[in-house]
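Position 1 is the first residue of the sequence; numbering continues from there. Just so you know, these numbers use all the heavy atoms, side chains as well, and skip hydrogens, waters and symmetry mates.
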Amino acid sequence: MGNLAKIREVSVRYNVSARTLRYYEDMGLIESTRSDDYAYRLYDEAAIKRLEQILILRRLNISIKDIKRIFNTEGSEVVLDVLEKKVDDIDEEVSLLYDLKKIVLEFIDQIRRLDFERETDVKLLYEKAKDIEAQITNVDYNGNSAMAERFFEVTEKLNDKVPDIMIVRIPKFRAVTSGEMSFEDVFGKFQIWQEAHNDFYKPIIFDAPDFLCENNGRLEWIWRIKDEITADDVAPYEIIEHPGGLYAAAVSIDGDDESGNKVMQKIEKWLEKTNFVIDDSRATSVHMIYVDDEIRKGLGYHQQNFYTPIKLKNGL
């Protein structure tokens, strides 16, 4: 296979899922090849270099739609336009942080003028306020040799694409399951089987017909089926009773690892402020909406829905 890299090798090397690699290919951002003696996707040096460019742009929160514009246009006009808009976004964020800094410093000054250090109980608050002031006023904005590391830290902390969290209750339902499979198999033989049977089963779960669950690097894809469907109808796959239940639901646009990870982090932070915890007895599920190819070309993104199973902390 020469210098061609297997999809799993690329996935591990760049910490990007096979699902996301397939998504980038579906969006026309990268191309894979096939070998007569290997059934799965392979990537040459050009595709890997293009993937590196995509990952850098995604770290900058550049949308898939804008990345397609950059790749599909010769010259530097489009990329400069996109990056200039990003600079404007950063300027706005810096301005907001500067305003926040002034507010905090004013609060510290008010504490000091009230002479809170007189009382033992509030002296700790006063000392803490002094520590905070030192941290704020002594921040080095001149950059350093660890600029790249700082770049990734800042882009994650100042990400403004945070989803709203909704609590939804999904009813129990019957579904056909792929069983736990590799990335290649669930998007290979099971997807082929599912697409061949989709018109007959007409599976519907709210506006999302399917759930994809990941467990230790393996996937399970489930589709709701009609009540009259039997085990013989879905062979060689199996029918399960999905438990449904209470979920924290959130939506990301540009359904790749970068946006997906940020959504999951948002859900986790949201849970810390509520009386809910993750219900480990059920799987976290994802649904990616694939629209008509012509519509997708205009949108330049996919919508990905996340469903995290939750329960009350007291177990009720």
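- The cationic group of R22 does not satisfy the cation-pi geometry with F183, failing either the under 6.0 Å distance to the six-membered ring centre or the 45° limit from the ring axis.
- Closest heavy-atom contact between R41 and S32: CG-OG, 3.5 Å.
- Contact record, D233 with E228: OD2-O, 4.2 Å, taken as the closest heavy-atom pair.
- Side-chain contact between Y307 and I170 is present, with at least one heavy-atom pair separated by less than 4.5 Å.
- You'll find the side chain of I310 stays beyond 4.5 Å of the side chain of V277, heavy atoms only.
- In this structure, R169 fails the cation-pi test against Y247, since its NZ or CZ atom is not both closer than 6.0 Å to the six-membered ring centre and inside 45 degrees of the ring normal.
- Atom CD of E31 sits in a sparse spot, with 12 or fewer heavy atoms from other residues, nucleotides or ligands closer than 6.0 Å.
- For the pair R224 (side chain) and A175 (backbone), a donor-acceptor distance under 3.5 Å is absent.
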Let me have the donor-acceptor pairs involving side chains of residues 235-243, under 3.5 Å, with sequence neighbours excluded, atom names and distances please.
unit_1, atom_1, unit_2, atom_2, d
H242, ND1, G244, N, 2.9

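- E180 approaches R218 most closely through the heavy-atom pair O-NH2, 3.1 Å.
- The salt bridge (charged side-chain N to carboxylate O under 4.0 Å, His left out) search around D81 returns R69, K85, not counting sequence neighbours.
- In this structure, the side chain of R50 does not engage the main chain of F71 through any donor-acceptor pair within 3.5 Å.
- Separation of the W221 and F211 ring centroids does not fall under the 6.0 Å cut-off.
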